[in-house]
Q: 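Below: one structure in structure tokens.
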Amino acid sequence: MMICKSTNGKRRPKPVVLEMCLLIGIMGLCLLVVMLIIRNLHSHKIRFEKGMVYVNGTTSIGFVDQDFICATLDWWPPQKCDYGTCSWGTASLLNLDLNNKILLNAIEAFSPLKLRLGGTLQDKVMYQMAGNQEPCPQFNGSPKELFGFTQGCLPLSRWDELNIFFQKSKAKVIFGLNALSQRHVSMDGSVVGPWNSSNAEALMKYTVDKGFTIHGWELGNELSGNGIGARIMADQYASDTISLQNLVQNIYKSFEVKPIVLGPGGFFDANWFTEYVMKSNGSLQAITQHIYNLGPGVDNDLVNKILDPSCLDGGSQPLRDLQKILKEFGNSTIAWVGEAGGAYNSGHDRVSNTFIFSFWYLDQLGMASSYDTKTYCRQSLIGGNYGLLNTVTFVPNPDYYSALLWHRLMGRHVLLTSFDGTKKIRSYAHCSKHSDGITLLLINLDSYTTTAIGLSVENVTMITASNQLKQTQRTQSFQSSSNEFTREEYHLTAKDGNLNSQTVLLNGKELSVNSTGIIPSLDPVEVNISNPIIVAPFSIVFVHMPDIHLPACT
């Protein structure tokens, strides 16, 4: 080997030999890096799979309300506790801080957001009468009382404050009326006799006189079927609903557009709901059911249920069965989910107020809309452990941003959608909200599989930049248009990969309100339409494709 002498008397390699050594060293280093990457991938069990979303563009399978997203405000006082935890704070209709800027901005961002005002204690609320100067009694905990609390009262001054706030925030209000007013509840929970509507009538007349707009009046809370604490027979509830409709027609007789009437705001019971719809004689505009299909908030298996596709699939049964009843009678009554918190008794802290709950929530939205449910009300906007907003700080939880993206991207027409590949991918598609295109929702329940998803759309028209039309009858990659078309993607992931994080990332950037309480902008990334949609492990992706036009969307 040729060796030259160094200036310090030591022998050193000649330049050519030095280059060879460096090259060998670099190659060795590269090999080491590759081995480390492979070992790291193996240790984290990261896999890559392919899948295909199929969308039928010929006809829609559902038609939801423009303001499909709805949230609830409840009556629970600070003393409301579950499993030793009191999670409601000052989130009640009676004590909520209506001057909080984040609260105002969070509602206003939807413009409009439907708000359903109600809950268990609505059937123990009396409404202050105009001219009555006596103080309104507040709810007090009492184990001997129905629902665990004494009777409460809504002061008219508070009703004024609430309505002024709703007008300012552009909310659409559905108010739950007391269906047990002046009625006796027997020891077995049964209620006999007709609804006493006098107190409700006084509130409704006061509301009209003050010029407050109410989108709908709902009668009762969870009194259907076996009821929760109390129950009313279906034929009596139907009669009570007819009475409410007559009140609305009389009080709003000079109004061209009248509030809708809703009921029963309870859990689905096929026989009870069938009789209720049949005997309501067209007085019911929207039939409302409640959904808590994940069980009690104290359940330690909650996370596994959320990540189990078969468990999520089970949530479709009451949605499907209610549609069968409505189709059987063929009247104009529509279906709502009037309250849904997933896990009952205030949810589960660090589960139902964290990123992982968006898997359940968005899947419910997609599933409900595919069964022609017109509106879906989340329990709650604020309060408990399942609020869209943090009960103390009012800062949005991850599900708030999920709801806002749905509201802005998913239009009224629901498209028949299926996925071919892993069972851990959930897929839904709608015509887009503010374009002539379509929007996909993809949910990856897998912890270590990244899925590259292609798209196949039946009966699609592509609009080029020059406004020329190109027709295809099934296209999977849109590669022939790869230089002209792009799509917008919104990738939601948990901060630091922690599913129990209350912070969500959009396209890798943390979403947070600023110092003045402004809701952040939700900006997409632009991707060439010919590329597969990459859905990372434990992530959610909305994909807006404005150039894919379907007959179902016209």
Side-chain angles (χ1 to χ4, degrees), residues 67 69-78 80 88-133 135-139 149 151-178 181 199-221 248 251-252 259-260 262 265 338-339 375 377-384 387-389 391 394 517:
D67 40 21
I69 296 293
C70 168
T72 68
L73 288 172
D74 214 310
W75 293 98
W76 289 121
K80 162 66 172 173
W88 284 88
T90 55
S92 166
L93 285 162
L94 296 172
N95 56 28
L96 181 64
D97 180 8
L98 302 179
N99 295 314
N100 186 282
K101 292 181 179 179
I102 300 177
L103 178 65
L104 175 64
N105 294 336
I107 298 174
E108 203 169 21
F110 287 82
S111 292
L113 175 64
K114 279 178 179 161
L115 288 178
R116 182 248 184 182
L117 316 184
T120 301
L121 295 186
Q122 81 178 52
D123 290 314
K124 299 206 74 168
V125 179
M126 299 303 292
Y127 319 119
Q128 186 181 42
M129 304 289 282
N132 186 352
Q133 301 301 316
C136 256
Q138 298 302 298
F139 293 114
F149 283 87
Q151 183 174 285
C153 174
L154 172 63
L156 291 180
S157 59
R158 181 61 176 180
W159 185 232
D160 292 344
E161 293 170 354
L162 286 165
N163 278 280
I164 291 169
F165 174 79
F166 297 144
Q167 289 176 340
K168 186 176 181 180
S169 61
K170 303 179 180 65
K172 294 177 72 172
V173 175
I174 297 91
F175 187 84
L177 293 165
N178 183 346
S181 178
N199 194 225
E201 182 177 4
L203 179 69
M204 294 167 71
K205 287 181 176 178
Y206 176 86
T207 302
V208 169
D209 291 341
K210 295 285 287 190
F212 300 144
T213 300
I214 300 296
H215 180 69
W217 297 98
E218 184 178 27
L219 184 61
N221 182 82
V248 169
I251 294 172
Y252 291 87
I260 62 174
L262 309 92
E339 179 184 313
T375 289
C377 299
R378 168 62 179 264
Q379 172 83 344
S380 63
L381 175 64
I382 186 168
L388 297 180
L389 306 178
T391 304
F394 291 77

Q: Please check: side-chain N/O of T391 versus main-chain N/O of G384, any donor-acceptor pairing under 3.5 Å?
A: yes

Q: Determine whether a donor-acceptor pair (N or O, by modelled atom type, separation under 3.5 Å) exists between the side chain of N178 and the backbone of A200.
A: no

Q: For side chain to side chain donor-acceptor pair (under 3.5 Å), just list the numbers for Y206 and D160, CA-CA rounded to whole Å, side-chain angles, deciding distance to a tenth of an Å, and then say yes or no.
A: CA-CA 10 Å; Y206 176 86; D160 292 344; 2.8 Å; yes

Q: L381 and L389: side-chain contact (heavy atoms from CB on, under 4.5 Å), yes or no, with the steps?
A: CA-CA 6 Å; L381 175 64; L389 306 178; 4.2 Å; yes

Q: Could you give the distance from CG (L388) to CD1 (I382), rounded to the nearest 0.5 Å?
A: 10.0 Å

Q: Show me the donor-acceptor pairs, under 3.5 Å and distance only, between side chains in residues 105-113 and residues at least two apart or in other chains.
A:
{"residue": "N105", "atom": "ND2", "partner": "K101", "partner atom": "O", "Å": "3.2"}
{"residue": "N105", "atom": "ND2", "partner": "G517", "partner atom": "O", "Å": "2.7"}
{"residue": "E108", "atom": "OE2", "partner": "K170", "partner atom": "NZ", "Å": "3.1"}
{"residue": "S111", "atom": "OG", "partner": "E108", "partner atom": "O", "Å": "2.4"}

Q: Would you name the heavy atoms of C377 and G338 that are closest together and state the gap between them?
A: CB-O, 3.2 Å

Q: Taking all non-hydrogen atoms of both residues, which atom of F139 and which atom of K124 are closest, and how far apart?
A: CE2-O, 3.8 Å

Q: Less than 4.5 Å apart, side chain to side chain, heavy atoms only: is that true for N199 and M129?
A: yes

Q: Taking all atoms of both residues into account, what is the closest heavy-atom pair of W88 and P77, and its distance?
A: CB-O, 4.0 Å

Q: Enter the distance from Q128:CD to C136:SG here, rounded to the nearest 0.5 Å.
A: 4.5 Å

Q: Quick one: pull up CG in L98 and CD1 in I164 and give me the separation to the nearest 0.5 Å.
A: 10.0 Å

Q: Once you round to the nearest 0.5 Å, how far does CG of L94 lie from CG of L121?
A: 9.5 Å

Q: Heavy atoms only: give me the nearest G265-E218 pair and the separation to one decimal.
A: CA-OE2, 3.4 Å

Q: Any chance you could lay out the side-chain contact (heavy atoms from CB on, under 4.5 Å) test for V173 and F212, step after step, and finish with the verdict?
A: CA-CA 10 Å; V173 175; F212 300 144; over 6 Å; no

Q: Show the nearest heavy-atom pair for residues T90 and N95, with the distance to one decimal.
A: C-OD1, 3.1 Å

Q: Is a donor on one side and an acceptor on the other found under 3.5 Å between the side chain of R158 and the backbone of L93?
A: yes

Q: Could you please spell out the steps behind the side-chain contact (heavy atoms from CB on, under 4.5 Å) verdict for L103 and F165?
A: CA-CA 10 Å; L103 178 65; F165 174 79; 3.7 Å; yes

Q: Determine whether W217 and L262 make a side-chain contact, defined as any pair of heavy atoms from C-beta on separated by less than 4.5 Å.
A: no

Q: May I have the step-by-step check of side-chain contact (heavy atoms from CB on, under 4.5 Å) for L104 and K168, ending in yes or no?
A: CA-CA 8 Å; L104 175 64; K168 186 176 181 180; 3.8 Å; yes

Q: Is the closest side-chain heavy-atom distance between L203 and F175 below 4.5 Å?
A: yes

Q: Compare every heavy atom of A91 with every heavy atom of G383, then report the nearest pair and how far apart it is.
A: CA-CB, 3.6 Å

Q: Quick one: does L115's side chain get under 4.5 Å of K172's, heavy atoms only?
A: no

Q: Rounded to the nearest 0.5 Å, how far apart are OG1 of T213 and CZ of F166?
A: 12.5 Å

Q: Taking S92 for its side chain and W75 for its backbone only, find out whether a donor-acceptor pair lies under 3.5 Å.
A: yes

Q: Are the ring centres of F149 and W76 closer than 6.0 Å?
A: yes

Q: Decide yes or no on side chain to side chain donor-acceptor pair (under 3.5 Å) for Q379 and T72, but give the supporting numbers first.
A: CA-CA 5 Å; Q379 172 83 344; T72 68; 2.4 Å; yes

Q: When rounded to the nearest 0.5 angstrom, what is the spacing between OG1 in T375 and NE2 in H215?
A: 6.5 Å

Q: Do Q122 side-chain atoms and G119 backbone N/O form a donor-acceptor pair below 3.5 Å?
A: yes

